[in-house]
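Presented below is the structure to which this report refers.
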Amino acid sequence: MDREELLVMINEEAKRKTPIKEEEIFTDEIKLSHLKKIDKIFNKGLSFYIDPSPIKANKASNIFFRKDSFQDELNIGAKKIVNQFEDLKSTLSAISKLGQLKLKRQFPLFTVQQNPQEVAALVRRKVYPKNRKSDKREFLKQLISSLAEENVLVFEFVENHNLKHKANINGFFIQPNFIVLKRQQKSLSRELFTLAHELGHYLLEEEEIEDVEVIFKKQNGGGIENWCNEFAFHFLAGSFSDELDHLKKATKENNFHQAYIKEVANKTHLSTLALYTRLLYKRKISQVNYNLIKNSILKAIHQKELEEQQKRELNKDLGIVSQARAPKPINSPLYVNILKTGLYEGIINEVDFCKHLKIKPEKLDQYF
């Protein structure tokens with residue numbers, strides 16, 4: 001960002017009647033109060049700014065140096081999340097090397113020339129959870145655990161509802177084995193599709209940071225994105241892929257296959273909207289009928305959210321305290337094992353271990 005962008009963000013954060021001026025920030029001396037406002041944007045800790053050593057821009061470890069452009073224009077919230085996980089990647093890499101952990105890639109490298117459906121079938125046999133839970137959250141946990149066995153690290157990042165700079169991304173893949181997902185509390189189907197999509201990027205070893213859309217259009221996103229979308233669909237749909245692609249055209253006469261689509265959605269964890277989008281892509285439903293169904297689905301979702309909001313407001317007026325807890329990210333077993341190794345070998349201490357896993361010290365024994 002340039003100086004003007006930074007000043008705008010600082011003044012938005014500060015909410016002062018008299019805006020902070022450029023000469024108050026870009027000078028030899030700076031007020032501590034101003035420095036704290038800057039750190040609210042970058043979250044580096046005050047010691048970062050007073051460290052006299054020059055900043056080392058490691059081009060090999062930073063995706064913003066490795067890639068010239070991304071599928072989406074990233075906002076400051078997205079860049080902060082990526083920076084946070086690149087720092088974590090460096091930490092875990094150091095622990096793994098010092099602890100002599102070998103996290104060798106288990107999957108071969110694939111290319112966009114290979115059939116994504118065939119690749120999906122191959123990968124499903126290795127990592128698709130055997131115990132196919134109908135509960136999406138439990139299924140996501142099992143899939144993250146299965147990927148951990150293949151040395152693929154999956155992380156969730158959770159954004160509070162009152163966060164000022166929210167990331168405009170659903171997920172990303174950074175080399176060599178990091179997949180990061182936005183916690184989708186109200187749309188686990190989207191989160192699962194994002195995971196499958198980013199797994200596609202891992203298989204191709206093509207890094208990307210993006211707002212993953214469940215849209216199957218050839219002109220959308222180029223060859224790599226289409227391949228990852230196709231892979232994600234076939235990975236989640238499994239044996240239903242061919243059934244869906246050979247389905248008769250969805251019309252008013254057959255009630256747009258709603259009963260069947262609902263059954264497939266329950267068994268595959270693909271959303272009904274994603275399944276109808278697939279039918280549109282395969283020309284199994286007209287654009288007019290697709291728009292009607294899409295609007296109906298989105299209206300139902302909006303209505304449900306509105307009812308939940310009204311319920312919360314009513315409870316607040318009645319003085320009923322919400323029992324809802326802040327969502328916690330799923331911890332990959334591989335992540336936990338790397339940290340445990342670091343603790344056993346004396347590379348990190350108990351405070352670091354608890355800080356990484358966001359647990360209280362009294363819960364430490366549960367991990368050993």
Side-chain angles (χ1 to χ4, degrees), residues 60-61 63 66 85-86 88-133 138-156 171-181 191-209 212 224-225 227-239 241 268-269 329-342 344-345 347 356-357 367:
S61 67
I63 192 170
R66 290 194 301 266
F85 280 96
E86 286 204 313
L88 178 60
K89 184 184 78 169
S90 299
T91 300
L92 297 184
S93 177
I95 293 172
S96 300
K97 284 178 182 176
L98 292 169
Q100 297 183 326
L101 276 174
K102 294 179 181 179
L103 302 178
K104 188 179 176 183
R105 183 185 175 104
Q106 302 296 319
F107 284 108
L109 277 176
F110 295 94
T111 69
V112 289
Q113 281 71 44
Q114 290 174 273
N115 186 319
Q117 185 171 4
E118 292 175 4
V119 176
L122 175 70
V123 175
R124 267 179 71 96
R125 287 196 289 272
K126 292 196 80 173
V127 299
Y128 195 87
K130 300 292 185 289
N131 186 11
R132 300 178 188 184
K133 296 276 186 181
E138 189 58 39
F139 179 82
L140 179 59
K141 284 182 183 177
Q142 289 182 8
L143 183 51
I144 290 173
S145 294
S146 295
L147 288 168
E149 292 175 14
E150 304 299 324
N151 289 338
V152 180
L153 278 158
V154 180
F155 298 89
E156 286 185 305
F172 55 94
F173 161 65
I174 49 178
Q175 293 176 358
N177 62 341
F178 255 56
I179 293 175
V180 182
L181 313 170
E191 187 174 345
L192 281 163
F193 188 90
T194 302
L195 173 52
H197 179 98
E198 299 306 334
L199 178 57
H201 278 285
Y202 165 77
L203 297 170
L204 297 174
E205 209 170 50
E206 290 283 351
E207 293 181 305
E208 191 53 83
I209 307 170
V212 178
I224 292 171
E225 292 307 306
W227 194 95
C228 292
N229 266 349
E230 282 290 303
F231 168 82
F233 170 76
H234 291 298
F235 177 80
L236 292 170
S239 60
S241 293
T268 63
H269 302 300
I330 297 169
N331 286 321
S332 166
L334 181 56
Y335 177 42
V336 176
N337 285 338
I338 293 171
L339 294 175
K340 284 167 75 172
T341 299
Y344 285 142
E345 298 294 330
I347 302 163
H356 277 295
L357 293 179
Y367 289 85

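Keep in mind that this is a model prediction, so the values were computed, not measured. The residues of the chain are indexed from 1 along the displayed sequence.
For the ring pair (Phe, Tyr, Trp, His ring centres under 6.0 Å) test, no residue two or more places apart in sequence or in another chain qualifies with H234. Among residues two or more places apart in sequence or in another chain, the side chain to side chain contact (heavy atoms under 4.5 Å, CB included) test is passed with N337 by K340. In this structure, the ring pair (Phe, Tyr, Trp, His ring centres under 6.0 Å) partners of Y202, at least two apart in sequence or on a different chain, are F173.
Here the closest non-hydrogen pair linking Q117 and S241 is NE2-CB, 3.9 Å. Closest approach of Q142 to P129, counting heavy atoms only: OE1-CB, 3.3 Å. Nearest heavy-atom pair across I63 and E86 is N-OE2, 2.9 Å. Minimum heavy-atom separation, I95 to I347: O-CD1, 3.8 Å. Across every non-hydrogen atom of R124 and L236, the tightest pair is NH1-O, 3.7 Å.
Here I224 contributes atom CD1 and N229 contributes atom CG; the two are 12.5 Å apart, rounded to the nearest 0.5 Å. To the nearest 0.5 Å, atoms CZ (F139) and CG (L192) are separated by 6.0 Å. From E191, atom CD reaches atom CD1 of I330 across 6.5 Å, with rounding to the nearest 0.5 Å. Between L204 atom CG and F231 atom CZ the span is 9.0 Å, to the nearest 0.5 Å. To the nearest 0.5 Å, atom CG of residue L203 and atom CH2 of residue W227 are 5.5 Å apart. Distance CG/N177 to NZ/K104: 14.0 Å, rounded to 0.5 Å.
Using a 4.5 Å heavy-atom cutoff, the side chains of V123 and K126 are not in contact. Side-chain contact between H201 and E225: present, with at least one pair of heavy atoms (C-beta onward) separated by less than 4.5 Å. Between Y335 and L88 the shortest side-chain heavy-atom distance falls below 4.5 Å. E206 places none of its side-chain heavy atoms less than 4.5 Å from the side chain of V112. Proximity of L147 to L195: side-chain heavy atoms (C-beta onward) are separated by under 4.5 Å at one or more points. Taking 4.5 Å as the limit, some side-chain heavy atom of I338 sits within range of a side-chain heavy atom of L153.
No side-chain donor-acceptor contact under 3.5 Å links T268 to the backbone of A237. Remark: side-chain polar atoms of E149 are not paired, donor with acceptor, to backbone N or O of S146 under 3.5 angstrom. Side-chain atoms of E150 never come within 3.5 Å of backbone atoms of F107 as a donor-acceptor pair (strictly under, hydrogens ignored).
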Full working for side-chain contact (heavy atoms from CB on, under 4.5 Å) between L103 and L92
CA-CA 11 Å; L103 302 178; L92 297 184; over 6 Å; no
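At a threshold of 4.0 Å, the pair E207-K89 does not count as salt-bridged, since none of the basic side-chain nitrogens sits closer than that to a carboxylate oxygen.
Side-chain rings of F155 and F85 approach one another, their centers coming within less than 6.0 Å.
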